[in-house]
Amino acid sequence: MRRRLVASFLFNAAFLHSCAACAWGPDGHAIVAELAQRRLEPHAAREVARLLGRGASLASISMWADDVRDARPETGNWHFVDIPAGSTRYDAARDCRPTPRGDCIVAALDRVRDALGCANDITARREALRLAVHLVADVHQPFHAIGDERGGNDVRVELAFHPAKCPRCAARHGRENLHATWDSTLIAATAKNWGAYVTRLEERRLPDADTRRGTGSPAQWAEEAHAGARDMRAALAGGVVDDAYYAKALPVLDRQLALAGMRLASFLNTNLARRCPF
């Protein structure tokens with residue numbers, strides 16, 4: 001038993017270390033991908049099937065970009081943009097400088113858009129689709145758009161809130177960092193599984209006017225997410241994610257996931273419309 005506990009601890013520690021800049025966890029990415037899948041126009045759905053194979057879903061490829069990060073370190077910085085907390089605007093010269101680990105998510109999404117509509121070969125276009133599904137979701141995670149405190153990774157928090165999926169259960173407890181809380185913990189506390197979260201958003205959030213706003217650009221999406229991160233960092237009192245914090249965070253979480261799904265659908269519908277010569 002002791003060996004198993006030690007092994008589990010080491011595995012979890014290694015996972016957390018390797019995911020210092022991870023975005024939404026698998027549930028968050030699946031939620032965004034499924035919302036988009038339901039809104040693909042016929043031409044885009046046909047192209048997705050051609051690129052991925054019949055029956056493949058966007059959710060099934062939504063973690064591909066994270067899966068290849070160790071093998072392709074030059075893509076590491078494509079998952080976030082470090083806009084300073086003291087600024088409200090994205091500045092490419094300041095926030096997206098080229099490095100051996102890549103530049104930033106805004107530039108990456110601009111390249112993905114160009115590749116989707118139309119890369120030199122089907123392999124490159126397939127990769128662009130896999131990147132698009134992941135990165136459009138990433139740029140809507142608030143703490144992927146703020147550079148201070150390593151996007152919340154350096155902010156230790158104590159969990160002490162009652163999950164919405166089981167309000168009568170005991171309060172959730174534990175310690176983690178603020179970035180991880182937004183990646184996965186809040187989502188897991190809100191619905192029994194990612195499919196149930198999709199249903200929740202379809203019924204409660206997607207009819208709202210703010211999800212029907214113009215699609216905008218990756219830079220604008222990053223600025224919106226950045227504003228959410230600033231607000232949610234300021235709302236953290238005493239380093240405790242309590243019921244009051246959860247109540248403030250949930251509308252932001254819902255909005256960002258819903259917007260990501262709607263915008264991913266638009267991104268694919270628009271950029272998969274071009275007919276490629278292969």
Side-chain angles (χ1 to χ4, degrees), residues 11-37 44 47-82 95-141 143-145 150-151 153 179-180 182-184 187 194 218 221-222 225 257 260-261 263-265 267-268 271-272 276 278:
F11 173 82
N12 290 330
F15 176 80
L16 290 172
H17 176 75
S18 67
C19 278
C22 284
W24 305 113
D27 283 354
H29 279 287
I31 290 164
V32 172
E34 177 60 20
L35 289 172
Q37 181 98 40
E47 191 65 5
V48 167
R50 186 173 79 94
L51 292 172
L52 301 181
R54 290 179 61 85
S57 68
L58 297 181
S60 71
I61 63 162
S62 62
M63 291 299 291
W64 179 85
D66 272 349
D67 293 339
V68 301
R69 286 173 73 173
D70 286 345
R72 298 175 59 176
E74 72 279 6
T75 71
N77 289 358
W78 294 1
H79 297 253
F80 58 91
V81 56
D82 285 340
D95 307 328
C96 203
R97 294 188 297 271
T99 76
R101 292 188 57 80
D103 38 28
C104 78
I105 195 167
V106 176
L109 279 169
D110 286 340
R111 290 191 294 268
V112 166
R113 179 195 59 222
D114 293 342
L116 279 175
C118 169
N120 292 329
D121 58 66
I122 195 168
T123 300
R125 205 163 190 232
R126 182 181 297 116
E127 176 166 315
L129 174 59
R130 289 168 170 164
L131 286 168
V133 172
H134 189 91
L135 297 183
V136 171
D138 272 4
V139 77
H140 287 82
Q141 208 275 45
F143 287 91
H144 267 244
R150 291 197 310 131
N153 277 289
H179 190 110
W182 277 84
D183 275 352
S184 301
I187 294 174
W194 69 262
W221 303 343
L257 289 168
R263 288 168 172 171
L264 175 58
F267 192 85
L268 297 181
N271 294 302
L272 289 174
C276 294
F278 49 73

Using a 4.5 Å cut-off on heavy atoms from C-beta on, say whether the side chain of [Y] contacts that of [X].
X	Y	answer
Glu74	Pro100	no
Ile187	Trp24	yes
Val81	Asp95	yes

### Task
Would you mind telling me which of Ile61, Val112, Thr75 makes a side chain to side chain contact (heavy atoms under 4.5 Å, CB included) with Leu131?
Val112
Closest heavy-atom pair and its distance - [X], [Y]:
X	Y	answer
Ala225	Ala145	CB-CB, 3.9 Å
Ala222	Val106	CB-CG2, 4.1 Å
Ala44	Leu272	O-CD1, 4.1 Å
Val133	Ala33	CG1-CB, 4.0 Å
Leu135	Ile105	O-CD1, 3.4 Å
Ala107	Cys96	CB-SG, 3.6 Å

### Trp78 six-ring centre to Arg101 NZ/CZ under 6.0 Å and within 45° of normal
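No; the conditions do not both hold, so Arg101 does not lie above the ring face of Trp78.
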### Task
Applying side chain to side chain donor-acceptor pair (under 3.5 Å), name anything that partners Glu34, two or more places apart in sequence or on another chain.
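By the side chain to side chain donor-acceptor pair (under 3.5 Å) rule, Glu34 matches Arg38.
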[atom1]/[X] to [atom2]/[Y] distance, rounded to the nearest 0.5 angstrom?
X	Y	atom1	atom2	result
Cys104	His144	SG	NE2	13.0 Å
Leu109	Arg263	CG	CZ	12.0 Å
Asp82	Arg97	CG	CZ	9.5 Å
Leu129	Arg50	CG	CZ	11.0 Å
Ile122	Glu127	CD1	CD	13.5 Å
Arg113	Leu268	CZ	CG	13.5 Å

For [Y], is there any backbone N or O sitting under 3.5 Å from a side-chain donor or acceptor partner on [X]?
X	Y	answer
Arg54	Ala49	no
Asn153	Arg150	yes
Trp182	Phe143	no

### Query
Taking NZ, NE, NH1 and NH2 as the nitrogens, is one of them in Arg111 or Asp103 under 4.0 Å from a carboxylate oxygen of the other?
yes
### Query
Below 4.0 angstrom, N of the basic side chain to O of the carboxylate: do Arg126 and Glu47 qualify?
no
### Message
Out of the candidates His29, His134, His179, His140, only one should pair with His79 under the ring pair (Phe, Tyr, Trp, His ring centres under 6.0 Å) rule; please name it.
### Response
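For His79, the ring pair (Phe, Tyr, Trp, His ring centres under 6.0 Å) check succeeds only for His134.
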### Query
Can you find a side-chain donor-acceptor pair between Asp27 and Ser184 that sits under 3.5 Å?
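Asp27 vs Ser184: no donor-acceptor pair found between side chains.
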